[in-house]
Amino acid sequence: MALVSTNAWKSDIEESIQNALRSEFKSSLPVFRSRNFKHRGNQFAIIQGDNSTPNSTMFTKLSSTYNVNINFYMIDKKRSDNTIKKFFKIVSRLEETLYSLMEINPTFKIEVNSIEYQDDNDFNGYRKADFNVSVRSIR
């Protein structure tokens, strides 16, 4: 009998983050899991799983870390104070949703390592927030 292997990080972490963001924002923020970047509307998020790093220790709790980038894009051609406030309001909701995932599954520890902002007219008037997230599995 053949065994089918699955990527546990992809099914457990990426899908749970995607489902949490979709349930928080409903249809106002489409969430995609993709390695290929495409502009997909006025505002959207893309989840990109980077890599996992096993930690070999002599302790009883072995942990491994999975790195995820969540990119949030919002079109802002007006460049006004109201659109800046809206952008940072959505960014704070995204961060709050990520930290609320810790309460759902206590075996995973989610840390937002950094949030980088880009305000660049070169990519079609979008503002971008790049969340660098690491998820540790504690066994």
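Hydrogens, waters and symmetry mates are skipped; everything else that's a heavy atom, side chains included, is used.
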In Å, rounded to the nearest 0.5 Å, how long is the span from [atom1] of [X] to [atom2] of [Y]?
| X | Y | atom1 | atom2 | result |
| --- | --- | --- | --- | --- |
| Phe87 | Gln43 | CZ | CD | 10.5 Å |
| Ile75 | Arg127 | CD1 | CZ | 11.5 Å |
| Phe88 | Thr83 | CZ | OG1 | 10.5 Å |
| Lys89 | Asn82 | NZ | CG | 11.5 Å |
| Ile70 | Leu98 | CD1 | CG | 4.5 Å |

Item to check | Glu24 backbone acceptor or donor facing Arg93 side chain under 3.5 Å | outcome: yes
Item to check | Side chain Gln18, main chain Val31, donor-acceptor under 3.5 Å | outcome: yes
Below 4.5 Å, heavy atoms only, C-beta onward: do [X] and [Y] meet side chain to side chain?
| X | Y | answer |
| --- | --- | --- |
| Arg33 | Gln48 | no |
| Tyr66 | Arg136 | no |
| Asp130 | Ile115 | no |
| Asn19 | Leu21 | no |
| Asn113 | Phe131 | no |
| Asn69 | Val133 | no |
| Ile47 | Val68 | yes |

Checklist entry - Is Glu116 paired with Lys128 through a side-chain N to carboxylate O contact shorter than 4.0 Å? => result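 Looking at Lys128 and Glu116, the cut-off is not met.
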Checklist entry - Hey, mind stepping through Ser134 and Asn67 against side-chain hydrogen bond (donor to acceptor under 3.5 Å, both in side chains) and telling me if it holds? => result CA-CA 4 Å; Ser134 62; Asn67 300 316; 4.9 Å; no
Checklist entry - More than 12 heavy atoms of other residues, nucleotides or ligands under 6.0 Å from CG of Asp81: is that the case? => result no
Item to check | Asn42, CG atom: more than 12 neighbouring heavy atoms under 6.0 Å | outcome: no
Checklist entry - Can you name the nearest heavy-atom pair linking Ser23 to Ala20, along with the distance? => result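 Minimum heavy-atom separation between Ser23 and Ala20: OG-O, 3.0 Å.
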Checklist entry - Which heavy atom in Tyr117 sits nearest to a heavy atom in Val91, and how many Å separate them? => result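 Scanning both residues completely, I find the closest heavy atoms to be OH-CG1, 3.8 Å.
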Next on the checklist: Centre-to-centre under 6.0 Å for Phe72 and Phe44, is that the case here?
Outcome noted: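 Ring centroids of Phe72 and Phe44 are no less than 6.0 Å from each other.
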